[in-house]
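Following: one structure in structure tokens, then a few remarks.
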Amino acid sequence: MESYQLPHFPAHLSYVHAVLFTDVSDADLLRMRLITASTAEGIDGERERDALNFAFIEARLITSAAHLKAAIYQAALADAQGCLRTKTVHSEIIYALNPTHNISEAMRRYGVSDATTALIVVRVTGPELSAEEVKRAMHAVVMGTSTPFAELRNVTDWAAVKKYHKLANETAVRGAQGDLHREHAVIDEIVISSTAMKSVMA
């Protein structure tokens, strides 16, 4: 698990914990739990929403740790400024990752789906929760293998990233064709910049 601080943000947004899960086997059940929890009432509903209080992100569309961090920062900033476009900081992370401003499209593309086999789980919280507590809570809801973020490059679906960001005809990307390492680096730079600038371009 990766953990870091956002020291200039309000306390409840100042800690970030993230895990990359591969070989995920319960994505369909997890998606159903999220749908059910969103409308569940009473104490049981609150308990289930608390258990699922994470951003569940389709890992194959994330190009790097920097890409993920750009989206987390944008979401935390929107929350701190009272400018959330979605209901929570966690859903805002998913919204920030999508190149368009269509919220339902963002959730469909970048959220967990029945076909998801690699998942990034993120919790933005305050100092009251330890990294170990967050890690236990993540492993309680995701059936998969915790994998170092260095392995993300083996998970990313670069063709899908190019498609969603409409990069096939981007001059810099075309100029790097034939050199996969360079092409992926160029795509990563463009995607990070797009994510970081999304709130400005809104």
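- Between the side chains of Y95 and H101, a donor-acceptor pair is found at a separation under 3.5 Å.
- The main-chain N or O of V173 is never found under 3.5 Å from a side-chain atom of E183 such that the two would form a donor-acceptor pair.
- Using a 4.5 Å cut-off between side-chain heavy atoms of Ile, Leu, Val, Met, Phe, Trp and Tyr, with links allowed through other members, M1 and V142 fall into the same hydrophobic cluster.
- No continuous path of hydrophobic side-chain contacts links I94 to L30 [ILVMFWY only; heavy atoms under 4.5 Å].
- Of the possible donor and acceptor atoms, none in the side chain of T156 sits under 3.5 Å from a partner among the backbone N and O of R153.
- Scanning both residues, A131 and S3, for their nearest heavy atoms gives CB-OG, 3.9 Å.
- Note on R109 versus E58: no salt bridge recorded, every NZ/NE/NH1/NH2 to OD/OE distance being 4.0 Å or above.
- Between the side chains of S14 and Q5, not a single donor N or O lies within less than 3.5 Å of an accepting N or O.
- The six-membered or imidazole ring of Y73 lies near that of F9, with a centre-to-centre distance under 6.0 Å.
- The side-chain tip of R123 points at the ring of F54 from less than 6.0 angstrom away and within 45° of straight on.
- Put simply, F56 and V134 are part of the same group of oily side chains (I, L, V, M, F, W, Y) that touch within less than 4.5 Å, one to the next.
- Rounded to the nearest 0.5 angstrom, L6 CG and K69 NZ are separated by 9.5 Å.
- Hydrophobic clustering (ILVMFWY, side-chain heavy atoms < 4.5 Å, transitive): V112 and I57 are in distinct clusters.
- Look at R47 and D44 and you find a salt bridge, because one of the NZ, NE, NH1 or NH2 atoms lies within 4.0 Å of a carboxylate O, short of that distance.
- Between H67 and H165, the angle of the ring planes goes over 60°, which puts this pair in the perpendicular group of the 30/60° scheme.
- Clustering ILVMFWY residues whenever any of their side-chain heavy atoms sit less than 4.5 angstrom apart, transitively, puts L34 in a cluster other than the one holding I120.
- The closest donor-acceptor contact from the side chain of T36 to the backbone of R33 lies at 3.5 Å or more, if one exists at all.
- Counting non-hydrogen atoms of neighbouring residues, nucleotides and ligands closer than 6.0 angstrom, the CZ atom of R49 exceeds 12 such neighbours.
- The aromatic ring centroids of F21 and H139 lie less than 6.0 Å from each other.
- Looking only at distances, a side-chain donor or acceptor of D179 sits under 3.5 Å from a matching main-chain atom of R182.
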Worked check of side-chain contact (heavy atoms from CB on, under 4.5 Å) between D79 and H12: CA-CA 10 Å; D79 194 345; H12 71 286; 4.3 Å; yes

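- Side-chain contact annotation: T22 with T145, donor-acceptor N/O pair under 3.5 Å absent.
- The one candidate from T195, V124, V89 that meets the side chain to side chain contact (heavy atoms under 4.5 Å, CB included) condition with I72 is V124.
- Counting only N and O atoms by type, the side chains of T100 and N102 include no donor and acceptor under 3.5 Å apart.
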